[in-house]
K.L.:
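Below: one structure in structure tokens.
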Amino acid sequence: MHGVERVGVIGSGQMGGGIAQVAAQNGFATVVYDLDSAALGRCKSLHDKLFNRAVEKGKMSAEQVRDAQGRLTYSDRIADIHGSDIVIEAVVEKASVKKDIFKGLAGAVSDRTILASNTSSISITDLATSVGDKADRFIGMHFFNPVPVMKLVEVINGLATSKETTERVLALSTAMGKTAVPANDRAGFVSNRILMPMINEAFYTWMEGVAEPEHIDEIMKLGMAHPMGPLRLADFIGLDTCVHIMEVMAEGLNNPRYRACPLLKQLVVAGRLGDKTKHGVFKYE
Ligand code: CAA
Ligand code: NAD
């Protein structure tokens, strides 16, 4: 049994917002914390929009939506998540930022609280060094974007993660309507070890003029039955996140073949981060 009633989520961006929504929809009292109150506002608006659409489509009743909304709290004070039974961190893909957050949390949460990171690629063993003797309760809980739609949670044990923590997280994933699949603690785990080199190669293909971006995507969609082409998917994930993941893999797997394509890096330098800035590879309304 997971023993979780209260879920705390750190970061109210596309992943944190989605994780909080799914937790609340599945009956958990959920606090989502972000240091940026504008991000919290955007998160709440998106939740309200998605809940309204679920009612219109008959997927949720108005009462179910009211209950889910009633279980959601949006906060810009980290102390509001200290009473959680699990904290799921979903901030920028940078080890130093994540470690600072967990270091602060380790002394503030209870001895039973699970500390989970939604990192896409960073070593769980490394992140767990920030929580001292709570490393046995530290785990990777990797959700996929968009969280309300994608069924998978990739579960990653660090070297010190206890069996009990893993079992609680597997049970919690099921209670959140997801299918948990284990992967070992290597940079990029399984999902991004395979996905990101494909996305990176799409940028090289574009940079070398092999085809226009829309044609690269069309070829991969129609030829490979992918729901989105790799360049559209990169915009959807966030080009900054793609670069961070490639950098973590190049360093963590000690192999230059994971270096980010110069064109991908250049777009990030120019502030073209994808959907979140309404301009990445493609432009959005
Ligand atoms: N948040 C919540 N729900 C969303 C959403 C979002 N951002 N975007 C779409 N949806 C929902 C819609 O509400 C709709 O739900 P209903 O059927 O209940 O109405 C459903 O998804 C389908 O949406 P659409 O009909 O508008 O669009 P679509 O059929 O083109 O599907 C998609 C959209 C689900 C995003 C689909 O294009 C897809 O599966 N794309 C690939 C996504 C993918 O590969 N994700 C993994 C990214 S990698 C990752 O997450 C790991 C990492 O570490 C980087
Ligand atoms: P995002 O940029 O949409 O959101 C990050 C949020 O974290 C922002 O709202 C920001 O204000 C907040 N934040 C930053 N520093 C903070 C801090 N110190 N304290 C509190 N809040 C802080 O990013 P995202 O796409 O949601 O990604 C978040 C994490 O999830 C990353 O580790 C990423 O690798 C991982 N992830 C992303 C995807 C994806 O498709 N985007 C999929 C799976 C996992």
Side-chain angles (χ1 to χ4, degrees), residues 8-22 25 32-43 46-47 49-60 74-78 80-81 87-105 116-122 124 127 140-154 156 183 187-196 198-199 217 220-221 224-230 232-249 273-277 280:
V9 179
I10 304 188
S12 67
Q14 48 186 349
M15 295 308 292
I19 295 165
Q21 181 190 332
V22 167
Q25 269 175 227
V32 54
Y33 155 75
D34 201 299
L35 43 69
D36 177 0
S37 47
L40 284 167
R42 286 193 297 275
C43 176
L46 180 63
H47 284 166
K49 188 172 137 195
L50 291 169
F51 282 139
N52 284 340
R53 203 187 299 161
V55 173
E56 274 162 30
K57 288 198 151 189
K59 295 197 167 179
M60 287 176 85
Y74 304 84
S75 173
D76 59 5
R77 293 180 318 152
I78 196 160
D80 289 338
I81 62 160
V87 176
I88 306 173
E89 165 279 316
V91 307
V92 62
E93 187 70 351
K94 283 208 162 175
S96 57
V97 179
K98 291 181 188 296
K99 281 183 180 179
D100 278 351
I101 289 174
F102 281 115
K103 204 170 173 183
L105 276 181
S117 176
N118 181 54
T119 176
S120 297
S121 57
I122 302 169
I124 297 303
L127 292 179
M141 197 175 181
H142 185 203
F143 290 82
F144 288 73
N145 188 15
V147 182
V149 179
M150 306 308 270
K151 285 283 163 215
L152 178 65
V153 178
E154 196 177 26
I156 306 105
F189 319 126
V190 171
S191 53
N192 283 312
R193 174 85 173 254
I194 297 172
L195 175 68
M196 275 305 148
M198 181 190 73
I199 288 178
D217 271 11
M220 295 304 287
K221 268 170 46 182
M224 269 37 91
H226 289 186
M228 285 174 165
R232 171 73 195 97
L233 182 57
D235 276 353
F236 184 62
I237 291 168
L239 302 191
D240 52 340
T241 301
C242 294
V243 169
H244 290 317
I245 294 171
M246 290 303 291
E247 283 171 349
V248 169
M249 292 201 298
L273 307 184
D275 293 26
K276 57 184 151 187
T277 57

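First listed ligand is number 1; within each ligand, the first listed atom is number 1.
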K.L.:
Using a strict 4.0 Å cut-off to heavy atoms of Leu35, name the atoms of ligand 2 that fall inside it.
P.N.:
16 (C), 17 (C), 18 (N), 19 (N), 20 (C), 21 (N), 22 (C)
K.L.:
I'd like the name of whichever of Lys94, Gln14, Glu93 reaches closest to atom 32 (O) of ligand 2 through any heavy atom.
P.N.:
Glu93
K.L.:
Looking at residues at least two apart in the chain, or sitting in another chain, which of them share a side-chain hydrogen bond (donor to acceptor under 3.5 Å, both in side chains) with Gln25?
P.N.:
Gln21
K.L.:
Might you work through the side chain to side chain contact (heavy atoms under 4.5 Å, CB included) test for Ile237 and Leu195, ending with a clear yes or no?
P.N.:
CA-CA 11 Å; Ile237 291 168; Leu195 175 68; 4.1 Å; yes
K.L.:
Can a non-hydrogen atom of Ala90 be found less than 4.0 Å from any atom of ligand 2?
P.N.:
yes
K.L.:
Could you find the nearest protein heavy atom to atom 31 (C) of ligand 2 and give me its residue, atom name and distance?
P.N.:
Val91 O, 3.0 Å
K.L.:
Heavy atom under 4.0 Å from ligand 2: found in Ser120's side chain, backbone, both, or neither?
P.N.:
both
K.L.:
More than 12 foreign heavy atoms under 6.0 Å from NZ of Lys99: is that the case here?
P.N.:
yes
K.L.:
State the atoms of ligand 2, each with its element, that fall below the 4.0 Å cut-off from a heavy-atom position in Asp36.
P.N.:
11 (O)
K.L.:
When you check the side-chain N and O atoms of His244 and Glu93, is any donor under 3.5 Å from an acceptor?
P.N.:
no
K.L.:
Is Phe236 close enough to touch ligand 2? Criterion: a residue heavy atom under 4.0 Å from a ligand atom.
P.N.:
no
K.L.:
Please determine if Thr119 has a nitrogen or oxygen closer than 3.5 Å to a nitrogen or oxygen of ligand 2.
P.N.:
no
K.L.:
List ligand 2 atoms under 4.0 Å from Ile237, heavy atoms only on the residue side.
P.N.:
39 (C), 40 (O), 41 (N)
K.L.:
Quick one: look up the protein heavy atom nearest atom 12 (C) of ligand 2 and list residue, atom name and how far away it is.
P.N.:
Asp34 OD2, 3.2 Å
K.L.:
Polar contacts were defined as any N/O atom of the residue lying under 3.5 Å from an N/O atom of the ligand; does this apply to Glu89 and ligand 2?
P.N.:
no
K.L.:
May I ask you to list the atoms of ligand 2 that are less than 4.0 angstrom from any heavy atom of Gly11?
P.N.:
7 (O)
K.L.:
For atom 37 (C) of ligand 2, what's the nearest protein heavy atom and its distance?
P.N.:
Met15 CG, 3.3 Å
K.L.:
Does even one non-hydrogen atom of Lys98 get within less than 4.0 Å of ligand 2?
P.N.:
yes
K.L.:
Distance under 4.0 Å to a non-hydrogen atom of Gly13: what atoms of ligand 2 satisfy this?
P.N.:
3 (O), 4 (O), 6 (C), 9 (O), 26 (O)
K.L.:
Treating Glu89 as the side-chain partner and Val91 as the backbone partner, does any N or O pair qualify as donor plus acceptor under 3.5 Å?
P.N.:
yes
K.L.:
Going by the atom numbers of ligand 2, which of them fall below 4.0 Å from some non-hydrogen atom of His142?
P.N.:
43 (C), 44 (C)
K.L.:
Pairwise, report which nitrogen or oxygen atoms of ligand 1 are under 3.5 angstrom from protein nitrogen or oxygen atoms, and how far apart they are.
P.N.:
{"from": "ligand 1", "atom 1": "13 (O)", "to": "Arg53", "atom 2": "NH1", "distance (Å)": "2.9"}
{"from": "ligand 1", "atom 1": "17 (O)", "to": "Lys59", "atom 2": "NZ", "distance (Å)": "3.1"}
{"from": "ligand 1", "atom 1": "18 (O)", "to": "Lys59", "atom 2": "NZ", "distance (Å)": "2.6"}
{"from": "ligand 1", "atom 1": "19 (O)", "to": "Lys57", "atom 2": "NZ", "distance (Å)": "2.6"}
{"from": "ligand 1", "atom 1": "45 (N)", "to": "Asn145", "atom 2": "O", "distance (Å)": "2.7"}
{"from": "ligand 1", "atom 1": "50 (O)", "to": "Asn145", "atom 2": "N", "distance (Å)": "2.9"}
{"from": "ligand 1", "atom 1": "53 (O)", "to": "Ser120", "atom 2": "OG", "distance (Å)": "2.8"}
{"from": "ligand 1", "atom 1": "53 (O)", "to": "His142", "atom 2": "NE2", "distance (Å)": "2.7"}
{"from": "ligand 1", "atom 1": "53 (O)", "to": "Asn192", "atom 2": "ND2", "distance (Å)": "2.8"}

K.L.:
Please say whether Asp240 places an N or O atom under 3.5 Å from an N or O atom belonging to ligand 2.
P.N.:
no
K.L.:
Got an N/O contact under 3.5 Å between Thr241 and ligand 2?
P.N.:
no
K.L.:
Please list the nearest protein heavy atom to atom 30 (O) of ligand 2 with its residue and the distance rounded to 0.1 Å.
P.N.:
Asn118 ND2, 3.0 Å
K.L.:
Check whether any side-chain N or O of Asp34 sits under 3.5 Å from a backbone N or O of Ala39 as a donor-acceptor pair, and report yes or no.
P.N.:
no
K.L.:
Is it the case that the side chain of Glu154 and the backbone of Ser191 share a donor-acceptor pair, with hydrogens and angles ignored and the cut-off at 3.5 Å?
P.N.:
yes
K.L.:
Heavy atoms only, cut-off 4.0 Å: how does Asp100 contact ligand 2, side chain, backbone, both, or neither?
P.N.:
neither
K.L.:
Between Asn192 (side chain) and Ser120 (backbone), is there a donor-acceptor pair under 3.5 Å?
P.N.:
yes
K.L.:
Does at least one non-hydrogen atom of Phe143 fall below 4.0 angstrom from an atom of ligand 2?
P.N.:
yes
K.L.:
List ligand 2 atoms under 4.0 Å from Lys276, heavy atoms only on the residue side.
P.N.:
1 (P), 2 (O)
